[in-house]
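Protein chains get the first letters and strands the later ones, always in sequence-line order, with residue 1 at the start of each.
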Amino acid sequence: MALHAQSRLATHYQEPGTKHHELRTSPTLDHRSHCGTFPAMTVRTRFAPSPTGFLHIGGARTALYNWLYARHHGGTFILRVEDTDADRSTTESMQIILDGLKWLGLDWDEGPGVGGDYGPYFQSERNEIYDRYLAKLEASGHLYEDDGAIRFRVPDKMITVSDAVCGEVSTNLKEQGSRRYDAETKKEVEANPDIVIKRPNGGYIFHFVNVVDDIEMAITHVIRGEDHLSNTPKHLALFEAFGTTPPVYAHIPLNLNPSGTKMSKRDQGALIHEYQENGFLPAAVNNYMALLGWSAKDDQEIFSLEELKARFDLPGVNSSNSKFDYDKCRWVNSEHLKHLSAADLLTRARPFLTRAGIEASDVRAPAALELARDRAQLLSEIPAVIATIFAETVTYDEVSVTKAREKNDLSQVITALADGITAADDWTVDGIKAAINEAATGIGMKMGALMLPCRVAVMGSSTGADLVPVLVLLGKDEVVKRLNGFAAMIG
RNA sequence: GACCCGUUCGUCUAAGGGUUAGGACACCGCCCUUUCACGGCGGUAAUACGGGUUCGAAUCCCGUACGGGUCGCCA
């Protein structure tokens, strides 16, 4: 089902114009009057990005939480594009956001590319719906014109948000909105508390379309960043004016950068497409994002997406902001890397191997990947570990060579190694170890002392994959050739 | 500036009236590994501060400090 939706997305989402255009005639009370009353209601959550930039980790985490909540409760996850600001919305940005969600595996049941009964799913195509709702407010006397813009009269009373994460928060919009802070003069100035919902140019404003769409799309739970908590009373005022029960709100804490300020695109780990490029697994990114602001209340930290679906719920969400920790994110990735099936590992690593000039179809590739998965945290770190196996010529690391020279008569050691390995007749891990051991005994040394020189001579570096399995993969002829080449070089 | 939210090891978090305040990342040490890693074991490290309430407070209440957010004809 999910895969189907995604493949349709891949081929169709470029034509956002093709949408279901059925307008709902009785859009309000019928489907939501029971909201919050009966647990049997069908959960409907949405992710509503504005296509004005990249898919940011904060947005992706919001999408994840909404997706997880819907999936956990057997509900519906909707993708709605909030592109009312025509000047800032771009198709490139839309593309990046959809690609990012798709890469993460957060499939949507309704939205761009998959349609649904509550479309269109682009706000830029929903003007007739907004006009209708505007007319309702106008008829009930909630609106007035101000300099070509249309304002919604806010009520002069306390409005209480019952938030699933933050608890009850009360505000009087009239009181709050009649002053505003002027950033330039750093003073409070008189202000009009009534909110603009339509611009003089005819464009509708976020607060209005957001509420109308949540009503129209029968959204039951709004999970969003805590930066929206202060906006919520405005939204509740609109719901009340429409005579509609609002959804359940859950404002989740923000993710900050390591210095404790708002994440910007320049911060490490801020942009989802970079995770893909840097060799993270989508499951690991989801896992880490889930952990920023939510916990399973036990000691488990590594979760597959399926486990997350089973475990995630609103009570596990905490209410304080978190700071992003790239090291921990890498560690989570390494844990997922260890548990990947051999086939998946090959599939995921392929682009990185190719980029490093390693032929992923090489028969030795699967075995080489097994040698690399324990010592790489990111897919992008894999090639460096195993590149020497596939290299025509060995690249020698100066520091490693110096290290190999330190304790021994290196020429003597390499010669002994070359002779011993040439004589080896059992080309297996055990057979090779026996040969190395014999070579060591022959020159009065211990086997351990030959391992580093052998490693440097054959692999070019004192670090990398496990030596003996590498020798097996390389083949006897190649190993002897490399030993002799190294002997000549240092001779 | 006003209003709102928050504050447990450096970081992510658990404990939500009674625990030697637990786990994880990072860091350090030891062990394992005749190489490189993984791994195992251990260590350093926290209840922001001040008042209450209580036999007992990280936990409930008040204040302060600090951090974040909002105050758009952006979303």
Side-chain angles (χ1 to χ4, degrees), chain A residues 48-53 82-85 87-89 123 146-151 161 163 165-167 169-172 175-177 179-183 185-189 191 193 195-201 203-207 209-210 224-234 251 253-254 256 258 260-262 288 291-302 318-332 334 338 371-376 385 433 436-437 440 446-456 459 461-470:
Chain A
S50 185
T52 56
E82 306 220 331
D83 55 348
T84 53
D85 188 344
D87 294 340
R88 297 201 308 144
S89 301
Q123 290 185 330
D146 177 20
D147 238 350
I150 296 185
R151 285 190 188 264
V161 182
D163 192 89
V165 173
C166 306
V169 182
S170 301
T171 313
N172 182 320
E175 209 172 87
Q176 265 313 109
R179 278 155 289 129
R180 65 160 236 278
Y181 184 63
D182 185 70
T185 62
K186 297 192 173 179
K187 285 206 165 87
E188 296 221 319
V189 296
I195 56 186
V196 172
I197 62 174
K198 193 175 186 182
R199 304 181 182 95
N201 71 8
Y204 287 101
I205 298 291
F206 164 72
H207 302 295
V209 294
N210 193 266
R224 46 158 54 154
E226 200 199 86
D227 48 341
H228 284 292
L229 185 58
S230 300
N231 285 328
T232 307
K234 295 176 187 169
H251 287 91
L254 271 20
L256 309 175
T261 56
K262 202 167 184 174
Y288 183 67
L291 253 26
L292 289 174
W294 170 85
S295 93
K297 304 291 182 191
D298 58 20
D299 290 340
Q300 184 173 349
E301 294 203 288
I302 300 302
N318 58 248
S319 50
S320 53
N321 293 349
S322 54
K323 291 179 190 167
F324 185 86
D325 183 349
Y326 199 72
D327 280 340
K328 182 134 188 184
C329 188
R330 286 170 53 96
W331 172 78
V332 170
S334 75
K338 281 172 198 152
L371 297 179
R373 82 197 299 168
D374 275 358
R375 43 211 90 196
V385 178
K433 279 187 182 173
I436 295 175
N437 195 21
K446 284 181 180 175
M447 181 182 172
L450 295 207
M451 294 301 272
L452 177 70
C454 185
R455 170 180 281 280
V456 173
M459 299 174 66
S461 168
S462 61
T463 62
D466 196 4
L467 175 61
V468 181
V470 167

| note | By nearest-nucleotide position on RNA chain B, the 5'-leaning member of A:T171 and A:L292 is A:T171
| task | Return the nearest nucleotide to the side chain of A:M451; candidates are B:G6, B:C3, B:U34. | result | B:U34
| note | Of B:G6, B:C73, B:C5, the nucleotide closest to the side chain of A:S320 is B:G6
| remark: Using Watson-Crick geometry (N1-N3 plus N6-O4 or O6-N4) or G-U wobble (N1-O2, O6-N3), each under 3.5 Å, B:C41 is paired with B:G29
| message | Please give the distance between the C1' atoms of B:U35 and B:A21 as a whole number of Å. | response | 43 Å
| Which whole number of Å gives the distance between the P atom of B:G29 and that of B:U64? | 47 Å
| query | Closest nucleotide of RNA chain B for A:E226 versus for A:C329: which of these residues is on the 5' side? | reply | A:E226
| field | Side chain of A:K328 - closest among B:A24, B:A26, B:U35 | value | B:A24
| message | Please tell me if A:R180 has a side-chain N or O lying less than 4.0 Å from either OP1 or OP2 of B:U70. | response | no
| request: With heavy atoms under 4.0 Å as the rule, sort A:S230 into base, sugar-phosphate or nothing. | output: base
| task | Check the side chains of A:T84 and A:R199 for a donor-acceptor pair under 3.5 angstrom, ignoring hydrogens and angles. | result | no
| request: Report the nucleotide, chosen from B:G23, B:G68, B:A2, that has the shortest atom-to-atom distance to any side-chain atom of A:Q176. | output: B:A2
| request: Under the side-chain contact (heavy atoms from CB on, under 4.5 Å) rule, collect the residues that match up with A:K198, sequence neighbours excluded. | output: A:D131, A:L134, A:I150, A:Y204
| task | Tell me the partner of B:U8, counting only Watson-Crick (N1-N3 plus N6-O4 or O6-N4) or G-U wobble (N1-O2 and O6-N3) with both under 3.5 Å; none if nothing fits. | result | none
| note | Looking only at B:C25, B:C74, B:G23, the nucleotide nearest the A:D299 side chain is B:G23
| field | Those residues that, when tested against A:F206, pass ring pair (Phe, Tyr, Trp, His ring centres under 6.0 Å) (two or more places apart) | value | A:H228, A:H235
| request: Tell me whether A:W331 is stacked on the nucleobase of B:A24, counting only the six-membered base ring and applying the 5.5 Å and 30° thresholds. | output: no
| Salt bridge flag under 4.0 Å for residues A:K187 and A:D182 | no
| field | Partner nucleotide, any strand, of B:U20 [Watson-Crick/G-U, under 3.5 Å] | value | none
| query | With respect to the side chain of A:L254, which nucleotide from B:G68, B:C12, B:C73 is positioned closest? | reply | B:G68
| task | With C1' as the reference atom in both, quote the distance from B:C9 to B:C28 in angstrom, rounded to an integer. | result | 15 Å
